[in-house]
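Here is the structure we will look at, set down as structure tokens.
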Amino acid sequence: PASTQEDLFEAVIAAEQRIEPRDWMPDAYRATLIRQIAQHAHSEIIGMQPEGNWLTRAPSLRRKAILLAKAQDEAGHGLYLYAAAETLGVDRAELTEKLISGRQKYSSIFNYPTLTFADVGVIGWLVDGAAICNQVPLCRCSYGPYARAMVRICKEESFHQRQGYELLMTLMRGTEAQRRMVQDAVDRWWWPSLMMFGPSDADSPNTARSMAWRIKRHTNDELRQRFVDMTVPQAEHLGVTLPDPELRWNEERGGWDFGEPDWSELTRVIRGQGPCNAQRVERRRAAHEDGAWVREAAVAYAAKRSAEQHT
Ligand code: 3HC
């Protein structure tokens, strides 16, 4: 029988090829990609706030320059991802409105406070480390624009992770107080970093379909396990302990067994009851409103230019 658009779509996915913006795609494929790419973009933009908290208080010009470069990278990742989302027929103004009104999500991890400068290092090491585990497979996502955006973003993320780990190594070679500061930050960020990968597979409504459509290439639990296996040796090398009494090497599996994250905390934070949710969204709303004049000026200038070209 003549192949339907659906058959063609399925054949492209099965052949590990890319779906491009002008290709036919099921409405649900488009909708779940808009959902995930928009949330990913929102996360990058909101993620600038926790680190921005230390921009004016970095302990040296070098640390300030690195942190400034990282925050600028995150902004760029956000804009890149909004551009990828727009290839699916939405507009970034609409997505920003949904973020500010709480109708779209961003990563739970950015709702925790950055209490000391060691948090900047731990965010680079653990949060960007987790992001790398999650984002490298997305380079093989079936939707072209998203996969291609990920290639460039992953290159910059590895710099983010390395600068964080180097910052922590420096602190660990410092005073006892500095070493305690690092351990305190690790204790606060370890479990929220594991929650970045999402709920367990059994409680993940989107994973099965995202795997079938090759948007996701591994499940939440698989990526979480990969992150733990990668990070435990790094913690040992750094000289910090991870706050999980159930962490132990599993010989026959060749990986680390670890405790259960507190899923009720993840649910609370996703629902908006995390430590910093209100402040993060309020800051985003204020920045959007304060920037309205720039958008209006750009639109007025574009109108003036096009009027000149048609006279
Ligand atoms: N924070 C907020 N919401 C979360 C979440 C988290 N940590 N984990 C899951 N959720 C939400 C999901 O969005 C979904 O809600 P929705 O249907 O309304 O969107 C619900 O909880 C159930 O979760 P699922 O596992 O079914 O949802 P997904 O299949 O979408 O998996 C995900 C969640 C793994 C986060 C996936 O969406 C994903 O890979 N997103 C892209 C990557 C991303 O956003 N990474 C994190 C932040 S980016 C970053 O860290 C930047 C770096 O520079 C620091």
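Since we're looking at a predicted model, the values are computed, not measured. Indexing begins at 1, ligand by ligand and atom by atom, following the structure's order.
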Quiz item: So which heavy atom in the protein is nearest atom 27 (O) of ligand 1, and how far is it from that ligand atom?
Solution: N206 ND2, 3.3 Å
Quiz item: Judging by distance only, is a nitrogen or oxygen of S43 under 3.5 angstrom from one on ligand 1?
Solution: no
Quiz item: Which protein heavy atom lies closest to atom 8 (N) of ligand 1, and at what distance to 0.1 Å?
Solution: G198 CA, 3.2 Å
Quiz item: For S108, is at least one N or O under 3.5 Å away from an N or O on ligand 1?
Solution: yes
Quiz item: Which residue holds the protein heavy atom closest to atom 39 (O) of ligand 1, what is that atom called, and what is the gap in Å?
Solution: N134 ND2, 3.0 Å
Quiz prompt | Those atoms of ligand 1 less than 4.0 Å from some heavy atom in Y146 | solution = 41 (C)
Practice problem: Give the residue and atom name of whichever protein heavy atom lies nearest to atom 19 (O) of ligand 1, and the separation in Å to one decimal. | Solution: R35 NH1, 2.9 Å
Practice problem: Under 4.0 Å, heavy atoms only, figure out whether ligand 1 is touched by the backbone of M196, its side chain, both or neither. | Solution: both
Quiz item: Could a heavy atom of P205 be found less than 4.0 Å from some atom of ligand 1?
Solution: yes
Quiz item: Picking from V232, T231, L242, N250, what satisfies side-chain contact (heavy atoms from CB on, under 4.5 Å) with W256?
Solution: V232
Practice problem: Just jot down the ligand 1 atoms closer than 4.0 angstrom to any heavy atom of E74, in number order. | Solution: 53 (O)
Self-check item: R180 and E176 ion-paired at < 4.0 Å
Solution: yes
Quiz item: Between H77 and ligand 1, which residue portion shows a heavy-atom distance shorter than 4.0 Å: side chain, backbone, both, or neither?
Solution: neither
Quiz prompt | Side-chain donor-acceptor contact under 3.5 Å, D201 with S204 | solution = no
Quiz item: Would you say K216 touches ligand 1, if touching means a heavy atom closer than 4.0 Å?
Solution: yes
Quiz item: Is K216 paired with E222 through a side-chain N to carboxylate O contact shorter than 4.0 Å?
Solution: no
Exercise. Please indicate whether any nitrogen or oxygen in N220 is less than 3.5 Å from any nitrogen or oxygen in ligand 1.
Key: yes
Exercise. Output the list of atoms in ligand 1 that are nearer than 4.0 Å to some heavy atom of F197, sorted by atom number.
Key: 34 (C)
Quiz item: Got a salt bridge between E44 and R284, using NZ or NE/NH1/NH2 to carboxylate O under 4.0 Å?
Solution: no
Quiz prompt | Residues that R271 engages under side-chain hydrogen bond (donor to acceptor under 3.5 Å, both in side chains), provided they are two or more places apart | solution = none
Self-check item: Nearest protein heavy atom with distance in Å, relative to atom 38 (C) of ligand 1
Solution: Q36 NE2, 3.4 Å
Self-check item: Polar contact flag for P199 and ligand 1 (N/O pairs, less than 3.5 Å)
Solution: no
Quiz item: Hey, which atoms in ligand 1 end up nearer than 4.0 Å to a heavy atom of S204?
Solution: 24 (P), 25 (O), 26 (O)
Quiz item: Taking atom types as modelled and ignoring hydrogens, do the side chains of N111 and S108 form a donor-acceptor contact shorter than 3.5 angstrom?
Solution: no
Self-check item: atom 2 (C) of ligand 1: nearest protein contact (heavy atom, Å)
Solution: Y106 O, 3.3 Å
Quiz item: Can you check whether a protein heavy atom sits less than 4.0 angstrom from atom 32 (C) of ligand 1?
Solution: no
Exercise. Below 4.0 angstrom from a heavy atom of A131, which ligand 1 atoms are there? Numbered from 1 as shown, please.
Key: 50 (O), 52 (C)
Quiz item: Can a salt bridge be assigned to the pair D221 and R224 using a cut-off of 4.0 Å between side-chain N and carboxylate O?
Solution: yes
Quiz prompt | Any side-chain heavy-atom pair of V127 and W189 under 4.5 Å | solution = yes
Quiz item: For ligand 1, which atoms, with element, lie under 4.0 Å from some heavy atom of Q39?
Solution: 13 (O), 19 (O)
Quiz prompt | Candidates W24, Y146, W213 - the one meeting ring pair (Phe, Tyr, Trp, His ring centres under 6.0 Å) with Y29 | solution = W213
Quiz item: Tell me: protein heavy atom nearest atom 21 (O) of ligand 1, and distance?
Solution: I270 CD1, 4.0 Å
Quiz item: Are I45 and Y106 in one and the same hydrophobic cluster, where Ile, Leu, Val, Met, Phe, Trp and Tyr link if side-chain heavy atoms are under 4.5 Å apart?
Solution: no
Quiz item: Is any side-chain heavy atom of R283 less than 4.5 Å from a side-chain heavy atom of C276?
Solution: no
Self-check item: Residue and atom name of the nearest protein heavy atom (relative to atom 16 (P) of ligand 1), distance in Å to one decimal
Solution: K105 NZ, 3.7 Å
Practice problem: Just jot down the side-chain hydrogen bond (donor to acceptor under 3.5 Å, both in side chains) partners of E252, sequence neighbours excluded, or say none. | Solution: none
Quiz prompt | side-chain contact (heavy atoms from CB on, under 4.5 Å) assessment of F159 paired with D128 | solution = CA-CA 9 Å; F159 151 70; D128 288 87; over 6 Å; no
Self-check item: Heteroatom distance test (Q135, ligand 1): nitrogen or oxygen, under 3.5 angstrom
Solution: no
Quiz item: Within a strict 4.5 Å, meaning less than it, do heavy atoms of the T170 and R63 side chains meet?
Solution: yes
Self-check item: Structural part of H40 in contact with ligand 1, heavy atom criterion under 4.0 angstrom
Solution: both
Practice problem: Quick one: look at D128 and ligand 1, take heavy-atom pairs under 4.0 Å, and tell me if it's side chain, backbone, both or neither. | Solution: side chain
